[in-house]
Every structure is written in structure tokens, then in C-alpha cells.
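Here the structure comes first, spelled out in C-alpha cells, and everything after it is commentary.
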Amino acid sequence: MAGKMKVYSEATVRENYRRLTKLLIEKGLTITTMESATSGQIASLITDTEGASAIIKGAYITYSNEGKIQHGVPAEIIEKYSVYSKETATAMAEACAASYKADIGIGITGTMGNVDPDNKEASVPGVVYFAICLRGVTKAYCKRLAPQTSRLMYKLAVAEELYDELIKLI
């Protein structure tokens, strides 16, 4: 990737999610997540703001393929496209939105700082996939992140990338 890599700030991410939660409350839009790579960070950021119980229906942390399948991701999608794909992120977003009957479903998968030993061919450090299902219409994204200083900063980087796309849709 040419040019300057984006730098992420924890304070900025947290402030953006505070604004997002207030906007969702104002618009009466419910949200849920199925998170793998971020392991619940998005749901946590949403619920850091008072009143979030009005809009977050629940969330799944599905670190394993079995967890994704158990919560509605077709095994065939993972087998055909790999766990690290827009197709899997899409299935995750749609499955959690349907399960919780939420207006917005978020699905996130990808590889943070190291290669997944169980999925070496599909695992590319810093490449994450997420999908946003808004009232039945799903958009999927692939983002390449610069190396981060910690697991938390990888999660916050994904959170910021997701926020940037979600805010455009709502």
C-alpha cells in the first residue's frame, strides 16, 4: 500500500463509538455483532455509553469456526471461501441480525498480527473482513491494517474502520 498508513487513536475510537451509540438510540436502530478477530471489542465499545441497552440486542464472540456455524454461519461458506473472507463476514452479519431480529448486524473476521496455524493459506496478518447488514441489505469490506503495537490496537483499528463505513450507511 503506497502512501502513509493510517494511525489510530484509542481516545478517538472511543469518542466515535459514544457518538455512534447516541445516534443509534436517537434513530431507534437496534444492533448486534458476531465477532471473531475483535472478540467482542465492538459490542464493548457500543455498551460503554449509557443507554446502550435500548439498542444492543446481544452479541456473539465466535472465535472458532464451530462457534460461527453454531450461530448460523453455513459451514459450506467457510469451506468454500475460508473463514477469512467477505463471504464469511457477510454470513456472520446476516446470521446475528436474523438471530437477534436487529436492524443492524455486524460480522467481523480476519487475522491480526500473526498467521493462524490452522488456516495458513487464508490467514494474512493485518487483513480483516467485516460486513454490515442494515435492514436486510449487506455490504462487505476488506481492510489491510498496518502493524499495530498490541492486540488492543488491532481491535481498535478494526473498530475505527468499521465505524467509518457504518456511519456512512446510517
Side-chain angles (χ1 to χ4, degrees), residues 6-18 20-21 24 30-49 52-53 55-75 77-78 81-100 102 104-120 122-133 138-166:
K6 188 170 179 180
V7 177
Y8 303 92
S9 154
E10 182 174 355
T12 300
V13 172
R14 291 187 181 284
E15 177 58 24
N16 285 342
Y17 273 81
R18 186 190 66 75
L20 173 65
T21 301
L24 294 173
T30 57
I31 190 167
T32 182
T33 68
M34 185 180 296
E35 301 179 59
S36 184
T38 50
S39 61
Q41 186 69 57
I42 305 305
S44 178
L45 287 164
I46 292 167
T47 59
D48 282 348
T49 299
S53 61
I55 52 101
I56 192 157
K57 304 275 259 174
Y60 298 117
I61 298 171
T62 56
Y63 226 61
S64 68
N65 291 355
E66 295 80 12
K68 292 171 186 67
I69 294 164
Q70 181 180 11
H71 292 293
V73 175
I77 296 282
I78 295 171
Y81 299 102
S82 100
V83 69
Y84 304 117
S85 64
K86 284 184 179 182
E87 291 82 2
T88 296
T90 295
M92 292 168 73
E94 292 172 352
C96 69
S99 174
Y100 280 111
I104 302 167
I106 304 294
I108 303 169
T109 186
T111 308
M112 297 302 197
N114 59 312
V115 172
D116 176 354
D118 294 331
N119 295 283
K120 288 180 181 140
S123 175
V124 179
V127 175
V128 293
Y129 302 89
F130 62 84
I132 302 165
C133 178
T138 307
K139 292 191 175 196
Y141 307 84
C142 175
K143 302 284 180 169
R144 180 177 291 275
L145 305 171
Q148 300 296 310
T149 56
S150 67
R151 292 286 287 183
L152 175 61
M153 286 313 301
Y154 271 108
K155 293 174 187 180
L156 292 172
V158 175
E160 185 68 13
E161 295 294 333
L162 171 67
Y163 170 85
D164 289 346
E165 298 301 338
L166 180 56

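All values reported here derive from a predicted model rather than from experimental measurement. Throughout, numbering of the chain's residues begins at 1 and tracks the sequence.
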What's the separation between atom [atom1] in [X] and atom [atom2] in [Y], rounded to the nearest 0.5 Å?
| X | Y | atom1 | atom2 | answer |
| --- | --- | --- | --- | --- |
| Thr32 | Lys57 | OG1 | NZ | 9.0 Å |
| Glu165 | Lys139 | CD | NZ | 8.5 Å |
| Ile56 | Thr33 | CD1 | OG1 | 5.5 Å |
| Tyr154 | Thr149 | OH | OG1 | 9.0 Å |
| Ile132 | Ile31 | CD1 | CD1 | 8.5 Å |
| Thr12 | Glu160 | OG1 | CD | 7.0 Å |

Next item on the list: List for me each residue that meets salt bridge (charged side-chain N to carboxylate O under 4.0 Å, His left out) alongside Glu161, sequence neighbours excluded, and say none if there are none.
Entry: Lys6, Lys143
Item checked: With Arg14 via salt bridge (charged side-chain N to carboxylate O under 4.0 Å, His left out) - residues at least two apart -> Glu10, Asp48
Are [X] and [Y] close enough that some pair of their side-chain heavy atoms sits under 4.5 Å apart?
| X | Y | value |
| --- | --- | --- |
| Gln148 | Lys155 | no |
| Leu152 | Gln41 | yes |
| Leu162 | Thr38 | no |
| Ser99 | His71 | no |
| Leu145 | Tyr8 | yes |
| Met112 | Val158 | yes |
| Ile42 | Tyr17 | yes |
| Cys142 | Val127 | yes |

Notebook entry, point to check: So Ile104 and Leu24, side-chain contact (heavy atoms from CB on, under 4.5 Å) or not? Walk me through it.
Noted result: CA-CA 10 Å; Ile104 302 167; Leu24 294 173; 3.7 Å; yes
[X] versus [Y], closest heavy-atom pair with distance:
| X | Y | result |
| --- | --- | --- |
| Val124 | Thr111 | O-CB, 3.4 Å |
| Met34 | Cys96 | N-SG, 3.7 Å |
| Thr109 | Ser85 | CG2-O, 3.9 Å |
| Ile108 | Met92 | O-CE, 3.2 Å |
| Ser123 | Pro125 | O-CD, 3.9 Å |
| Lys86 | Tyr129 | N-CD2, 3.5 Å |

Checklist line | Side-chain donor/acceptor of Ser39 to backbone N/O of Ser36, under 3.5 Å | finding: no
Notebook entry, point to check: Going through the checks in order, is the side chain to side chain donor-acceptor pair (under 3.5 Å) test met by Thr88 and Lys68?
Noted result: CA-CA 9 Å; Thr88 296; Lys68 292 171 186 67; over 6 Å; no
